[in-house]
Amino acid sequence: MLKFVSGSIQNQKTACLVVLVCEDEIVYDDPEVIALTETAEKIKEFTGKKEDVLLLYAAPEHAPEHAAERILFAGLGKKEKVDPETLRQVAGKCVKQMIKKNLADMVICVPARDKLAITPSEASVALFEGAFLGNHVFDKYKKGKKDIPLKTIALFTDAEIAANQRLLPARIETICKGTVLAREWVSMPPNEKRPDRFVRSMVKAAEKEELSFSVLDEKTLRQNGMGAILAVGAGSRSKPRLLILDYNPYKNKKSVKNRKTCVLVGKGVTFDSGGLNLKSSGSMGEMKMDMSGAASVAATLITLARLKHKFRVVGVIPVVENMPSGDAFRPGDIITAYNGKTIEIGNTDAEGRLILIDALAYANKMFKPDVMIDMATLTGACVVALGEKIAGVFSADEGLAKDIVTSGVATGERCWAMPLPEDYKPLLKSEFADINNMSSTRYGGAITAALFLSEFVEDTPWAHIDIAGPAYSKKAGDYCGAGGSGFGVRLLVDFLTGQA
Ligand code: BES
Ligand code: ZN
Ligand code: ZN
């Protein structure tokens, strides 16, 4: 649980009090916290550099003076360089250390107004986020001894700041729970989340919220002419699905002016073996994460419902398993998508774009959205271009791309705007069908994938976010464990809140 506390720091009963220390200046104005910082400064091996930590225990004879059992000093580096991401990282790291010690709670002192380049409210958001997300452990599948997350995490700040941000802790907790939900789906092993089960799991989570849902099964997909989703799903014993999650605050309301609808589409490939164009064993190992877009979209919808978001948002989530088998689709196949266009299969491993176009074209027709965003672990090429921490944003609508990039800055879920050059479109030409799902060159693969999608969205303002890099990490980060990162939930919630 997240909360604010204020009053005298000496009365804060806690297993661990965290005091933040810059290399160059004290960041507090509370005399008692300043006094604590000065204690740390007397100890030479602690400099306040980023990564630097110092853990002190209250000596029994001093114990009555301070209600905290431990004080953890954590370095922030140079004052002018401290940004929200620094605070998320530091908070996450402190929480992880305390989990290792099996503690139940901690209190972090928030830097005072005008001491950092960011406001106390920005600092509070970042500290809450880093601490909450760092407190998530995924060890469901481990027998033996387990890490136990902290029960409460409090921020110590002055009473006025706390009062002005009364609603903040609950809001951040709701949003970060969305991230954690997405993480757990992504980290789940692929044998436990084949399409039918993964969809049921998303429905089960949605049922508890103010969301309506429908599931198109194989038969309905066929009746609707969704040849692309069906082709990709054909090789698996577990048949494809299209899940629709509808958050509609206009329902049962007659006179709402300026109705607005946003559609979110998420790639849900529960395991991407590559299909008949089988991946090498090295690149197949992490392909349980190929449903990260779906996980983030579903978790975003659930979060928006909990936050009572202002306008209608519909999640359209195609879910398949891409497997080779006697029934699998083949290179050379020509399939017909929902909108009637024919596609020659150049490569069965370029399956994400296929399931997305049926979903995009269907969503566009059924919901006539004002804006449409898809999120997908779409290309290895995007990881080559931007690395493992930054997502690529593709949109012909510059304003839309800019707003997404801005939300990336605010949340630390970084995005970079990429081009959608018209003159690359001929790279997707097919001799036999309207389009090929594979580019004729191996260069610019993230761009050609996005251009392929763009052929199926008509004039609706649309953006594609390629999260192949940041969706998953083999190694733990500062406020994320190894596995799914839940990337995209905080980004989309921030973006959509900004559009309200
Ligand atoms: N799921 C992969 C993309 C991917 C790669 C995600 C690495 C996360 C990490 C996607 O379906 C894929 O296989 N794309 C191919 C496209 C190619 C065949 C045109 C790729 O990127 O190599
Ligand atoms: Zn693939
Ligand atoms: Zn894939």
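Every heavy atom of this structure was used, including side-chain atoms; hydrogens, water molecules and symmetry mates were not. We count ligands from 1, going down the list as the structure has it; atoms in each ligand are counted the same way.
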Should the pair Asp147-Lys100 be classified as a salt bridge under the 4.0 Å nitrogen-to-oxygen rule? yes

Thinking salt bridges, do Lys239 and Asp196 make one under a 4.0 Å N-O criterion? no

Of the listed options Arg442, Met287, Glu286, closest to atom 9 (C) of ligand 1 (non-hydrogen atoms):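 Checking each option, the heavy atom nearest atom 9 (C) of ligand 1 is found in Met287.
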
Going by the closest heavy atom to atom 3 (C) of ligand 1, which one wins out of Asn322, Asp349, Leu378? Leu378

Looking only at distance, does Gly380 have an N or O less than 3.5 Å from an N or O of ligand 1? yes

Any N or O of Arg353 that comes nearer than 3.5 Å to an N or O of ligand 1?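 No, no N or O pair falls under 3.5 Å.
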
Do you know how many protein N, O or S atoms are within a distance smaller than 2.8 Å of the Zn ion (ligand 3)?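 Atoms of protein N, O or S type lying less than 2.8 Å from the Zn ion (ligand 3) total 4.
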
Taking atom types as modelled and ignoring hydrogens, do the side chains of Asn436 and Ser430 form a donor-acceptor contact shorter than 3.5 angstrom?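 Asn436 vs Ser430: no donor-acceptor pair found between side chains.
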
Take atom CZ of Phe138 as the centre, draw a 6.0 Å sphere, and report whether it contains more than 12 heavy atoms from other residues, nucleotides or ligands. yes

Salt bridge (Lys or Arg N to Asp or Glu O under 4.0 Å) between Lys425 and Glu455, intermediate numbers included: CA-CA 9 Å; Lys425 279 189 180 167; Glu455 291 291 314; 3.1 Å; yes

Heavy atoms only, cut-off 4.0 Å: how does Asn347 contact ligand 1, side chain, backbone, both, or neither? side chain

Check whether any protein heavy atom sits under 4.0 Å from atom 21 (O) of ligand 1. yes

Does ligand 1 have any atom sitting under 4.0 Å from a heavy atom of Met284? no

